[in-house]
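Convention: sequence-line order gives letters A, B, ...; per-chain numbering from 1. The basis for the numbers below is simple: all heavy atoms, side chains too, and nothing from hydrogens, waters or symmetry mates.
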Amino acid sequence: MNVPRTFGTIADFFAERFPISKLNFRSMVQKKEVPIHRLSWAYYLGGLALFFLGVQLVTGLMLLFYYEPTVSDAHASVEYISQHVEGGALVRNIHSWGSSCMIFCVLVHMITAFAMKAFEKPREITWISGVALLFLVFGFGFTGYLLPWNQIAVNATKVGLQSIEEVGNYLPGALAEIPTRIKETIQGEATVGQATLSRFYALHVVILPLGLLSILGLHLLSIQIHGMSQGVDRPTGRTERFFPMFILKDFSLWGVVFLGFFVVALCLPFEAFFAYPLFAPYDALGSTPDGIKPEWYFFFIYYPLELLPFWLVVGLTMVVKVVLFIAPWIFRGTSRKTLRAIAVGGALYMVVMTIFGQQIYEIFKGGHS
Amino acid sequence: MKIGVALRSCVVVSALFAVMQGEVSARSEFQVFSQANSGRGVDCAMCHAHPNGPEGLKPGQIGSLNAQELKLLGLARTAFEPGSSVENPILNDFGNRIVFELGKRTFLELRAQPELLGSLLSADSDLDHDGIPDATEFLQGTHPLSSQHGAPGALFLHNLGEQWFPIVMLAVATALGLYGLRHLLIWFSILTDQWSAESSSSEGD
């Protein structure tokens with residue numbers, strides 16, 4: 001292998017993605033134009049995801065002042081926030097709704113970006129960093145779910161961690177040990193306990209935010225350098241200035257969404273959708289209440305795991321993950337019409353599994369999952 | 001092993017521990033009815049101080065009561081007629097309210113027809129002030145003592161009515177904020193355009 005030549009190729013790749021000549025205010029803001037076409041609405045989804053990330057950071061910081069990451073006090077501290085801290089119930093409710101809204105926006109943003117071929121050269125790094133951000137927000141969801149230390153939190157986490165260990169059954173030789181080691185590392189002790197809570201807490205409030213902010217910086221920089229993708233196969237030729245027109249519309253949307261979101265968070269407690277025994281403090285010696293499930297945004301993988309062979313679902317998931325990361329190269333020559341069809345299929349699957357997953361499960365297996 | 005199997009094994013192990021501790025929760029007729037009627041999971045915490053029910057050594061269970069609380073328990077067990085102000089330490093406020101409104105005699109008779117409990121309880125009583133009467137919460141399988149828990153639609157409408165003032169204030173603040181931001185951004189845009197024009201004309205000179 002010609003090492004200097006390989007390094008040269010890599011350097012050229014990055015030089016093309018981050019050209020020095022474009023790293024200035026004039027190019028990244030003043031001269032930036034946003035295409036106008038029938039899918040232009042999708043350009044606002046990334047901004048909305050960013051808005052909800054801001055909401056999560058602010059409310060998460062507020063919750064940190066009162067939350068106690070110990071198995072003896074975690075649930076009591078969450079109850080204290082909800083019942084005795086001025087505005088605590090609202091802040092906690094905003095954080096609960098905000099996590100779902102952020103993940104929803106990130107998912108729709110990714111699907112529409114795929115449909116618009118936003119990963120096309122020179123936007124590969126924008127896409128890859130976006131996929132990494134998607135997995136990071138899933139990580140936020142998974143780690144944050146445990147923190148209230150209630151029945152649904154601990155039992156759902158146990159099931160999730162158990163699934164990691166199961167992967168080992170399908171790996172050959174020494175590789176079979178790796179998932180168990182991963183599970184033990186995450187769990188920190190024989191079962192989900194104080195070590196697990198401490199690790200999830202550290203991941204949720206320090207490690208994942210640091211990772212997210214750094215990758216988000218790269219993602220935003222890349223977007224500003226290359227601008228929005230053309231989005232459709234036949235551009236209309238019409239554009240609008242990014243600054244101030246697009247930004248103004250973006251902020252106006254944030255304002256409207258903030259208002260609607262605030263009203264929902266103020267008037268509709270997130271917990272109202274669940275059976276109340278699920279929010280009782282976790283009791284290792286008590287009975288496990290019915291209805292233990294992951295958050296809705298994991299249903300697309302939870303129900304298939306319940307219905308289909310484990311190896312099949314895990315295998316397909318791995319394939320989808322790899323395809324997502326290398327989509328810019330796999331779909332380089334694919335038309336946007338075809339990409340739209342794939343995106344619609346993917347979105348349809350997610351919607352059906354999220355809304356009708358339980359009914360589908362009952363049809364094939366009978367009873368409750 | 002699949003997730004369902006893992007979950008079931010969790011349940012079996014937990015149940016085994018519960019049996020060893022002598023804490024098998026009494027799934028009363030009322031609990032069974034509420035769960036079947038609403039389709040929501042319900043446990044003893046709807047009426048009892050402890051979610052696993054009255055039997056056991058944990059706080060709110062009979063085994064944990066001190067002499068004073070045992071005396072109260074004894075008094076509460078004789079409250080057969082309606083209107084007796086009882087503070088049974090193994091019941092929560094809703095449980096005590098049922099005994100107060102119906103009396104223990106009627107309550108025990110209702111075990112054969114638990115569906116009547118909702119209609120016999122006062123429609124005015126709303127212990128958690130969430131706008132949903134306790135009797136309705138019993139029928140809907142939601143917690144009568146948690147203002148954060150109730151049928152989502154009813155809860156939303158009630159809270160909307162209660163919180164209209166902060167919502168209107170927030171709408172005004174958001175509108176004014178956006179108005180100010182819009183002018184600030186337009187001003188900044190004009191300014192940067194002027195700077196660009198000046199710098200390109202000076203480069204031309």
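Within the 6.0 Å centre-distance limit, the rings of B:Phe107 and B:Phe30 are counted as a close aromatic pair. Ring centroids of B:Phe138 and B:Phe94 are separated by 6.0 Å or more, keeping the two rings apart.
Here the CG-CZ distance, from B:Leu121 to B:Phe100, works out to 12.0 Å after rounding to the nearest 0.5 Å. Put simply, NZ on B:Lys104 and CG on B:Asn88 are 8.0 Å apart, with the number rounded to the nearest 0.5 Å.
At a cut-off of 3.5 Å, with distance as the only test, a side-chain donor of A:Lys293 or A:Tyr303 sits close to an acceptor on the other residue. Side-chain N/O atoms of B:Ser146 and B:Asp128 include no donor and acceptor closer than 3.5 Å. When only modelled atom types and interatomic distance are considered, A:Gln151 and A:Asn155 share a side-chain donor-acceptor pair under 3.5 Å. When only modelled atom types and interatomic distance are considered, B:Glu137 and B:Thr142 share a side-chain donor-acceptor pair under 3.5 Å.
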### Step-by-step side chain to side chain donor-acceptor pair (under 3.5 Å) determination, A:Glu362 to A:Gln358
CA-CA 6 Å; A:Glu362 284 167 17; A:Gln358 181 65 39; 2.9 Å; yes
#### Entry: Worked verdict on A:Phe242 versus A:Phe246 for ring pair (Phe, Tyr, Trp, His ring centres under 6.0 Å)
CA-CA 5 Å; A:Phe242 173 76; A:Phe246 182 82; 5.7 Å; yes
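Look at A:Asp290 and B:Arg40 and you find no salt bridge, because none of the NZ, NE, NH1 or NH2 atoms lies under 4.0 Å from a carboxylate O.
Ranked by heavy-atom pairs under 4.5 Å with chain A, the list B:Ser196, B:Pro166, B:Gly177 is led by B:Ser196. Put simply, of B:Arg182, B:His149, B:Met46, B:Glu162, the one with the most heavy-atom pairs under 4.5 Å next to chain A is B:His149. In terms of non-hydrogen atom pairs under 4.5 Å with chain A, the most contact-rich of B:Leu170, B:Leu178, B:Leu160 is B:Leu170.
Identified by a heavy-atom distance below 4.5 Å to chain B, the contributing residues of residues 78-93 of chain A are A:Ala89, in residue-number order. Contacts between residues 254-281 of chain A and chain B, counted as heavy-atom pairs separated by less than 4.5 Å, involve A:Gly255, A:Phe258, A:Leu259, A:Phe262, A:Val263, A:Val264, A:Leu266, A:Cys267, A:Leu268, A:Pro269, A:Glu271, A:Ala272, A:Phe273, A:Phe274, A:Ala275, A:Tyr276, A:Pro277.
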